[in-house]
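Here is how names work: the chains are called A, B, and so on, in the same order as the sequence lines, proteins then strands, and each is numbered from 1. Keep in mind that what you see is a predicted model, and the values were worked out from it rather than measured.
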There are 2 protein chains.
Amino acid sequence: MNLRLARTSCIECPIRHRAVCAECDDTELAVLEGIKSYVTVPKGGRIAEAGESLDHLSSVVSGCATVSKTLADGRRQMVGLLLPSDFIGRPGRATLSFDIEAATDVTLCRFQRRAFEAIIRSSPNVARRLLTMTLDELDVARDWQVLLGRLTARERVIHFLLSLVRREATETGAAHRSGPVRLELPLSREMIADYLGLTIETTSRQFTALRKDGLIETPTARTIVVPDLLNLMPEAMDEDGGPIA
Amino acid sequence: MNLRLARTSCIECPIRHRAVCAECDDTELAVLEGIKSYVTVPKGGRIAEAGESLDHLSSVVSGCATVSKTLADGRRQMVGLLLPSDFIGRPGRATLSFDIEAATDVTLCRFQRRAFEAIIRSSPNVARRLLTMTLDELDVARDWQVLLGRLTARERVIHFLLSLVRREATETGAAHRSGPVRLELPLSREMIADYLGLTIETTSRQFTALRKDGLIETPTARTIVVPDLLNLMPEAMDEDGGPIA
DNA sequence: CGGAATGTTGATAGGTGTCAAAGATGGTGG
DNA sequence: CCACCATCTTTGACACCTATCAACATTCCG
């Protein structure tokens, strides 16, 4: 693991208002400030492995990491995508059930387990924020279950693209319900396939099909242009048939 | 919703040591005791519907409920199974994203939202317990994602049976790693299919196949006998290839 | 520039869904 | 108590979607 240490004040931290520390007051923030350390894991690096004991909990500051499980015969399923402000690890249990890998270079803000668990006990604002974040993750995981259990390959790929659009909109604050959008895919075809419960080939074919149908353009394999979101959304097959919030 | 009110002391509550109140001290328990009420929902009844606003949070005291989502065209995927001690609802958000239905008669221990949220703020023991339970649910959801994304129909059914065996073992404390086991299925074939992301027909065919292979016996459609767990476990295809913990 | 990794396309096979019908099961009322 | 009907479950035939195996194209880096 390639380590790069730095010192940045929590006050000017890019994930200050979204991470596990979002609801901290100045006093609590000072405590966290005192025990945190930064680590950067290079693209492709392992952040944690299933079954192994973690002595640090951390927040993703920048980059993109994957949470996945690999079966004995090599089949792999991604079960989570970690983006800036997402939290890694569970207070109260040292061992993880899933592998966590860096999909891009990832910078983490780490806390020693023992120290962080003490903070959880003394600072209800951290505990409450962590509960909210975990409940949100649970909703995401369950929507993902619906996708994996019931959607066709085409619907899965469309959902994937729309979720990227939505994320982008959340980060920039811009809410485009229609009009052209350009996306840089943070994942390779293989990772997208693992994300969607498909094979690389099927995933690639779906991209091709969407291109032939005029729903997307693919200047490069990692760049997707959606000429008009309104054409893509009707096929998403959400429970209410409407556009994604 | 068929309501039946009762009065039972928390002290002798069957889920006292596993539910959201598990870590409460006597003082906290007294507060909960004061605001709780019991409700029984008959088999097949709706406990909550996606999008609707919930003004009560509750714990399952007895019975079995399902958490699921139905798509616009009728496709349905179950994403959670609620058993005694499981919690329904999220503090801090009134609307649910999923439907919750009673698979058997279900008795709930309910708390008014506002009152419970106040307790969350004043009683760290409740908040902490809820966090632990939510983290556990997240792990379950993610394992379920692996099942839905990568396992074959046969593997899914075997996993389902083994998970029932494991649950039984947890409740009774008996840990049978081998030998014959008898199971009463709490779910219909349709519910099992929704649980596993399969159709009724495929699910039924898998039960038939397992019977023909001698791995299970089916005295009635709702009763499964496993002559020897050791024959079933190798096919579970867990990540480590080993038996289920 | 060259080789490895990544992505696309094709042919084929196999697993699961769909449509259809027959068998069990269980509850209800006569 | 039994007959009847609705519901649940099983089984069959067939179609279709996705996985698999294979080859080729492209991109990325060393």
*Does Glu235(B) reach the side chain of Leu215(B), with side-chain heavy atoms less than 4.5 Å apart?*
yes
*asked:* Looking at the base of dG10(C), is there any donor atom on it, or on the side chain of Arg205(A), that sits under 3.5 Å from an acceptor on the other one?
replied: yes
*Grab the CG-C1' distance between Leu185(B) and dC8(D) for me, whole Å please.*
13 Å
*asked:* Can you measure Asp73(B) atom CG to dT18(C) atom P for me and round it to whole angstrom units?
replied: 9 Å
*Check whether any side-chain N or O of Thr208(B) sits under 4.0 Å from OP1 or OP2 of dT10(D), and answer yes or no.*
no
*In terms of the nearest nucleotide of DNA chain D, which residue is placed more toward the 5' end: Ser204(B) or Ala153(A)?*
Ser204(B)
_Distance in angstrom units between Phe207(B) CZ and dT16(C) C1', rounded_ = 16 Å
*Base, sugar-phosphate alone, or nothing: which one does Thr152(A) contact when heavy atoms must sit under 4.0 Å apart?*
sugar-phosphate
*Find which nucleotide of DNA chain D each of Gly197(A) and Pro219(A) is nearest to by heavy atoms, and output the residue with the more 5' nucleotide.*
Gly197(A)
*Separation of dT11(D) C1' from Leu210(B) CG (nearest whole Å)*: 16 Å
*Below 4.5 Å, heavy atoms only, C-beta onward: do Ser58(B) and Val39(B) meet side chain to side chain?*
no
*Could you tell me whether Asp194(A) and Arg150(B) make a salt bridge, using a distance below 4.0 angstrom between a side-chain N and a carboxylate O?*
yes
*OP1, OP2 of dG7(C) versus side-chain N and O of Arg222(A): anything below 4.0 Å?*
yes
*Got a donor-acceptor pair under 3.5 Å from the side chain of Glu190(B) to the base of dC8(D)?*
no
*Reported CZ-to-OG1 distance for the pair Arg205(A) and Thr199(A), which is rounded to 0.5 angstrom*: 7.0 Å
*State whether Thr202(B) places a side-chain N or O below 4.0 Å from either non-bridging phosphate oxygen (OP1 or OP2) of dT16(C).*
no
*Length of the CD1-C1' vector between Ile200(A) and dG10(C), whole Å*: 16 Å
*How close or far is atom C1' of dT18(D) from atom CD of Gln206(A), stated in whole angstroms?*
9 Å
*Closest to the Glu201(A) side chain: dA19(D), dG17(C), dA22(D)?*
dA22(D)
*asked:* Regarding Ser188(B), tell me which of base, sugar-phosphate or nothing describes its non-hydrogen contacts under 4.0 Å with the strands shown.
replied: sugar-phosphate
*Take atom CG of Leu196(B) and atom C1' of dG15(C), then tell me their distance rounded to the nearest Å.*
16 Å
*Would you indicate which nucleotide in dT10(D), dG7(C), dG17(C) comes nearest to any side-chain atom of Thr199(B)?*
dG17(C)
*Could you say whether Gly149(A) or Thr203(A) is positioned toward the 5' end of DNA chain C, judged by the nucleotide with the nearest heavy atom to each?*
Thr203(A)
_Ignoring hydrogens, what is the shortest heavy-atom contact between Met78(A) and Met191(A)? Give both atom names and the distance._
CE-O, 3.3 Å
*asked:* I need the CD-P distance between Glu155(A) and dG17(C), as an integer number of Å.
replied: 14 Å
_5' precedence on DNA chain C between Leu187(A) and Arg150(A) (nearest-nucleotide basis)_ = Leu187(A)
*Please confirm whether the backbone N or O of Ile15(A) pairs with a side-chain atom of Ser85(A), one donor and one acceptor, at under 3.5 Å?*
no
